[in-house]
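Notes for the one structure printed next.
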Amino acid sequence: MSMIAGDDATKRLSSKKQTLDDAYAAPANFLEIDVINPITHGVAGKRYTDYEVRLKTNLPVFRVKESSVRRRYSDFEWLRNELERDSKIVVPPLPSKAIKRQLPFRNDDGIFEEDFIEDRRSGLEGFINKIAGHPLAQNERCLHMFLQENNIDRNYVPGKIRNT
């Protein structure tokens, strides 16, 4: 067994100096998902809020590199349930359903209050970024449908995305 000389054992690997162009260039792989522009639709008991889910990526697993779709809280619930049932990942929780805010005879707008909508929007954005950032989840057909197709086909066949 040969011993490496003391200096050679701890010698730093030589590395190329980073240029300003390297430092400020687009990252090698990126995935940005924003949940923005909440809009409340309808009146009285038929009201709901949806959110724009905007995706920008250069990851090869995503066929479409930029997309924008509108999703309701129930769509996020659908995605969470699909991933829990069909994938091997631990799915993070969604922001709460806020049942108490939906009770009648409140002195405020309940789930349609601006502050509540902003808190929920922020929570949904954190949720979808945790999911989409997971390498195993990135191959799930339901995630691609959720992020990139205007209408969610609830009768889709679960499975993995195959890149060709």
Side-chain angles (χ1 to χ4, degrees), residues 13 15-42 46-98 101-102 109-164:
L13 295 173
S15 63
K16 188 181 114 194
K17 284 275 188 221
Q18 186 177 36
T19 66
L20 280 176
D21 286 342
D22 293 339
Y24 290 98
N29 283 321
F30 70 91
L31 174 66
E32 298 171 9
I33 302 173
D34 297 312
V35 177
I36 55 177
N37 302 329
I39 299 175
T40 299
H41 306 269
K46 301 275 189 235
R47 283 169 70 179
Y48 67 92
T49 302
D50 67 9
Y51 306 82
E52 181 182 355
V53 179
R54 189 179 293 166
L55 165 81
K56 287 184 182 175
T57 187
N58 66 355
L59 293 176
V61 72
F62 289 97
R63 181 177 42 84
V64 178
K65 302 307 179 195
E66 288 189 26
S67 63
S68 175
V69 294
R70 294 208 65 86
R71 296 289 181 247
R72 298 171 63 160
Y73 183 86
S74 58
D75 297 326
F76 284 86
E77 286 182 311
W78 171 84
L79 175 63
R80 186 174 194 286
N81 292 337
E82 291 298 303
L83 289 169
E84 273 191 328
R85 188 186 70 214
D86 294 323
S87 76
K88 306 272 187 278
I89 69 169
V90 175
V91 184
L94 281 165
S96 82
K97 192 82 170 132
R101 283 188 161 271
Q102 297 177 43
D109 256 351
I111 62 171
F112 302 107
E113 286 274 310
E114 243 178 76
D115 288 346
F116 175 76
I117 289 173
E118 173 52 27
D119 287 348
R120 179 174 269 184
R121 183 210 62 75
S122 176
L124 293 172
E125 186 173 85
F127 168 81
I128 195 62
N129 275 284
K130 282 179 191 162
I131 298 269
H134 194 293
L136 293 177
Q138 289 174 0
N139 293 314
E140 294 294 334
R141 186 169 282 133
C142 60
L143 178 66
H144 287 252
M145 192 174 6
F146 178 88
L147 289 171
Q148 300 189 314
E149 295 183 19
N150 284 324
N151 298 311
I152 293 174
D153 175 8
R154 301 203 185 233
N155 298 318
Y156 84 112
V157 177
K160 307 286 183 231
I161 294 294
R162 303 270 184 259
N163 260 5
T164 53

Check [X] against [Y] and note the closest heavy-atom contact, atom names and distance.
| X | Y | value |
| --- | --- | --- |
| Leu94 | Tyr73 | CB-OH, 3.8 Å |
| Val64 | Leu55 | O-CD2, 4.1 Å |
| Leu59 | Gln138 | CD1-NE2, 3.7 Å |
| Gly123 | Pro95 | C-CG, 3.8 Å |
| Cys142 | Leu83 | SG-CD2, 3.7 Å |
| Pro38 | Arg121 | CD-CD, 4.4 Å |

Got [X] and [Y] here, is their nearest side-chain heavy-atom distance under 4.5 Å?
| X | Y | value |
| --- | --- | --- |
| Ile131 | Glu140 | no |
| Trp78 | Met145 | yes |
| Asp75 | Val53 | no |
| Asn29 | Asn58 | yes |

Measuring from atom [atom1] of [X] to atom [atom2] of [Y], what distance do you get when rounded to the nearest 0.5 angstrom?
| X | Y | atom1 | atom2 | value |
| --- | --- | --- | --- | --- |
| Leu124 | Phe76 | CG | CZ | 4.5 Å |
| Arg47 | Thr40 | CZ | OG1 | 6.0 Å |
| Arg54 | Asp34 | CZ | CG | 7.0 Å |
| Gln148 | Lys65 | CD | NZ | 8.5 Å |
| Leu136 | Leu143 | CG | CG | 12.0 Å |
| Leu31 | Leu147 | CG | CG | 8.0 Å |

Step through the shown structure and confirm whether more than 12 heavy atoms of other residues, nucleotides or ligands are within 6.0 Å of CG on Asp153.
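Yes.
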
Mind running side-chain contact (heavy atoms from CB on, under 4.5 Å) on Glu125 and Ile33 for me, showing each step along the way?
CA-CA 7 Å; Glu125 186 173 85; Ile33 302 173; over 6 Å; no

Is any NZ, NE, NH1 or NH2 atom of the basic residue among Glu77 and Arg80 found under 4.0 Å from an Asp or Glu carboxylate oxygen of the other?
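Between Arg80 and Glu77 there is no salt bridge, as every charged N stays at least 4.0 Å from the carboxylate O atoms.
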
Tell me, please, whether Phe146 has Arg71 positioned over its six-membered ring: NZ or CZ under 6.0 Å from the ring centre and within 45 degrees of its axis?
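Output yes; distance and angle both within limits.
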
Do the ring planes of His144 and Phe62 sit parallel (below 30°), tilted (30 to 60°) or perpendicular (above 60°)?
parallel

